[in-house]
Amino acid sequence: MLLVFGSINLDIAFSADRLPLAGETVMGSGYLVSPGGKGGNQAHAARLFGAPVTLAAAVGRDAFAEPALTRLATAGTDLTQLQWLDAPTGCAGIVVDARGENQIVVAPGANLALCSHHVSDATLAMAHTVLLQMETDPAQNAALLTRARAAGCQTMLNNAPARRLAPEVLALLDVLVVNETELAATVAGAGIQAQGARAQVEALAARFAMTVVLTLGAKGALACADGRIYEVASFPVDAVDTTGAGDTFTGVLAAARMEGQDWPQALRTAAAAAALACTKAGAQVAQPTRAEVNALLASAP
Ligand code: RIB
C-alpha cells in the first residue's frame, strides 16, 4: 500500500489572459472550484493509476471539506486515517493564464495540524512506500519519516512548496522529488556547493544515499539512482493548465515504482501522466486514468 501523508485543499482557480502584477486587478474569464492539495493530488494520481492508497490528512468541520474529499473517495482512496479538526479546511487561490501557467497561494488551515501520531502503527506496518510533501508541518513530516524508516518503508518526499530541509531529514529519504526551484532550496539547505542542476542532483544523491528525481516541465525529467543518471523527455501536449502536473508525476512515479517498474520505465510513465494532466483544467479533475496513460505511452514508443 502507498501511504500518502499530506495536504488536502479546496482549489478556487481563476482563468485570466495573464497573471496579475503586484497591486493589479485583472478581469478573469471564469473559475473552477475543485479538489486539490499536494497530498490529495498525489494520492489521487496514484489511485487512478491503480495503486492501493491510504491518505493520512486533515480537514475542517466546514463546507469545504466534502467537495475537497469527493474525488478521493470516489476513486477508492482509503480515508480511514483522515482527521476532522476544529480548523478550516485548506484552501488554495489559483490564477491560470492563457499559456496554462499559474500562481498559487495556499491557506493551509487544518493541514498544519496534521500530526505523525494521526497515522497508526498498524497503518504504517502495511505501507510499502510513504510519500510526503511540504504543505504540512515540517516537524511532523520528520517525525513520520523517522517512524517510516524504522518500520522498513520506502520513504519519498516531494519538497513542494520548496523548503530548506535539514540534513537529518534528507538522511531519512529513499527518494526526493523536486523541480528546479525546489532543487535550489534543497541544495542550499544541505550546504552543497555543486554548480548546475545535474551536478547538484548527483551531489545530493551521493551525499544522502538516495535517489533524486528532478522534474523539468516541458524539458522532461532526470534522476540519479544507484550512481546512474536517467533522463526522460516530456510528452508534447497542448497545455491548458499545469496546476498539479508535478503532483501527478510524483503520485504516478510512486505507484509505478511500487509495482516494480525500473527507473527509466517509471520516469516515462510518470511523465506521460503529467503531460495528460496538463491538457485539462484543475488538479485532481485533470488527472488521467491508467488506460489513458498506457495509451499515450503506446502512441510514443
Ligand atoms: O500542486 C498543486 C496544488 O498546490 C493545488 O492543488 C493547490 O491546492 C496547492 O496545494
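Whatever order the structure lists them in is the order used to number ligands and atoms, beginning at 1.
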Residue pair Asp62 / Thr89, side-chain donor-acceptor N/O under 3.5 Å
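Yes.
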
Side-chain donor-acceptor contact under 3.5 Å, Gln42 with Asp247:
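Yes, because at least one side-chain N or O of Gln42 sits under 3.5 Å from a partner of the opposite role on Asp247.
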
Counting only heavy atoms and a distance below 4.0 Å, can you name the residues contacting ligand 1?
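Residues near ligand 1: Asn9, Asp11, Gly36, Gly37, Lys38, Asn41, Ala92, Ile104, Val106, Glu135, Gly244, Asp247, Ala283.
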
Group every Ile, Leu, Val, Met, Phe, Trp and Tyr by side-chain heavy-atom contacts under 4.5 Å, then state whether Leu222 and Leu157 land in the same group.
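Yes, one cluster joins them.
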
Considering only residues two or more places apart or on different chains, which pairs with a residue in residues 26-45 satisfy salt bridge (charged side-chain N to carboxylate O under 4.0 Å, His left out)?
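Qualifying pairs, neighbours excluded: none.
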
Given side chains that start at C-beta, do those of Leu72 and Arg47 come closer than 4.5 Å, heavy atoms only?
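Contact flag for Leu72/Arg47 side chains = no.
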
Side-chain contact, heavy-atom cut-off 4.5 Å: Leu172 with Thr146?
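In contact.
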
